[in-house]
2 protein chains.
Amino acid sequence: MATRKPSPDPSVEQIDTGFLDSLVGYNARRATLVIVDAFLRNMAVYGLRPVDFSVLSLIGHNPGITSRQLCATLNLQPPNLVGMVNQLQTRELILRRPHPHDGRAMGLHLTPAGKKMMKQAEVTAFELEETATARLSVAERKTLMQLLRKIYV
Amino acid sequence: MATRKPSPDPSVEQIDTGFLDSLVGYNARRATLVIVDAFLRNMAVYGLRPVDFSVLSLIGHNPGITSRQLCATLNLQPPNLVGMVNQLQTRELILRRPHPHDGRAMGLHLTPAGKKMMKQAEVTAFELEETATARLSVAERKTLMQLLRKIYV
DNA sequence: TATTGTTATACTCTATAACTATA
DNA sequence: TATAGTTATAGAGTATAACAATA
């Protein structure tokens, strides 16, 4: 009986990502990483990571918000927020004031320096997003956000 | 001169997330986390995290793909892939064969058991996504992925 | 000289248990 | 008894430097 020489193991030239491309989660994750990367580069001048920016932005638009409320809104674990808030306070971007009617809690506020920085940082964040999503029209960008919100709201 | 009693520090009832909601990155990240969470719960039965699933899916659709090619496609660091590939091999889901014309590289392949499991796992992944994005119509789901790809491709 | 796969390692991110003080 | 904030800590995720074998 003749033994057939095993067919050579071909190398992969073009990589087929077809199945992964059909998953919303895969596409959302890849797009998120691109924008986060742009964010890290453009916001480094302010010394802000995405989470710091989110925290400061929420404090700015909700003076007196508590740590618990920040955690619930941003889906953070309370122990992981402690260090961030301490650092932002050390940098004199925020301050803690006693909560009006809950002795356990502290209301968080931006300092004047924090307000000034965030005014600029929010402009930078918006511009960086426009650059990262430059291939989308204004209408497409709006549609994209509406569709994304249908998933997580 | 009369001193005015400082106005009471009001507590925040309704949290304004308006600015963050206007950022594609924030919305993409929140949506991604929801889908990843659903993925972790539904794929736990296979013992697969998103990255394991992506690796196995690419190997399945690209028999003989190398570690380097996996890293480039999935944006992974080579040292972080070593442990994953070793584990998948220990679980007898994949095997390494010499690369046809590069003595440094190894071609990765699914074992019969790996193929059998991935056939089921890909169905589960697709179904879980449909559930997680149930508020989107088929057309909306397609539009969403097209828009996301415009950001990262 | 450059590349594949690897080891060792460090840094970040995220999660849990348990404590204190207040409600 | 429950909640806000905190401490300590563990695990997962991600990144870099450096090496041996091969191109």
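Order of the sequence lines sets the chain letters (A, B, ...), proteins ahead of strands, with each chain counted from 1.
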Atom-to-atom span, [atom1] of [X] to [atom2] of [N] - whole angstrom:
X: L81(B); N: dT6(C); atom1: CG; atom2: P; value: 9 Å
X: D37(A); N: dT14(D); atom1: CG; atom2: P; value: 13 Å
X: L76(B); N: dT16(D); atom1: CG; atom2: C1'; value: 16 Å
X: M84(A); N: dT14(C); atom1: CE; atom2: P; value: 7 Å
X: L40(A); N: dC11(C); atom1: CG; atom2: C1'; value: 14 Å

*Please answer whether the main-chain N or O of E140(B) pairs with a side-chain N or O of S137(B) as donor and acceptor at a distance below 3.5 Å.*
yes

- Message: Would you say Q77(A) places a side-chain N or O within less than 4.0 Å of OP1 or OP2 belonging to dT14(C)?
- Response: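 False: Q77(A) side-chain N/O out of range (4.0 Å or more) of dT14(C) OP1/OP2.
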
Can we call the ring centroids of F53(B) and F39(B) under 6.0 Å apart?
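Yes, they do, as the ring centres are separated by less than 6.0 Å.
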
Check: Taking the six-membered ring of Y26(A), is NZ or CZ of R149(B) closer than 6.0 Å to its centre and within 45° of its axis?
Finding: no

In short, side-chain hydrogen bond (donor to acceptor under 3.5 Å, both in side chains) pairs touching residues 78-88 of chain B with sequence neighbours left out are N86(B)-R96(B)

4.5 Å side-chain heavy-atom contact, L58(B) and D16(A):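 Not in contact.
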
Identify each atom pair where a protein N or O and an N or O of nucleotides 3-8 of chain D are less than 3.5 Å apart, giving names and distance.
{"residue": "dT3(D)", "atom": "O4'", "partner": "R104(A)", "partner atom": "NH1", "Å": "3.3"}
{"residue": "dT3(D)", "atom": "O2", "partner": "R104(A)", "partner atom": "NH1", "Å": "2.6"}
{"residue": "dG5(D)", "atom": "OP1", "partner": "S67(A)", "partner atom": "N", "Å": "3.4"}
{"residue": "dG5(D)", "atom": "OP1", "partner": "M106(A)", "partner atom": "N", "Å": "3.3"}
{"residue": "dG5(D)", "atom": "OP2", "partner": "S67(A)", "partner atom": "N", "Å": "3.4"}
{"residue": "dG5(D)", "atom": "OP2", "partner": "R68(A)", "partner atom": "N", "Å": "2.6"}
{"residue": "dG5(D)", "atom": "N7", "partner": "R68(A)", "partner atom": "NH2", "Å": "3.1"}
{"residue": "dT6(D)", "atom": "OP1", "partner": "R96(A)", "partner atom": "NH1", "Å": "2.9"}

State whether E129(B) and R141(B) are salt-bridged, where the test is any N-O pair (Lys NZ or Arg NE/NH1/NH2 against Asp/Glu carboxylate O) under 4.0 Å.
-> yes

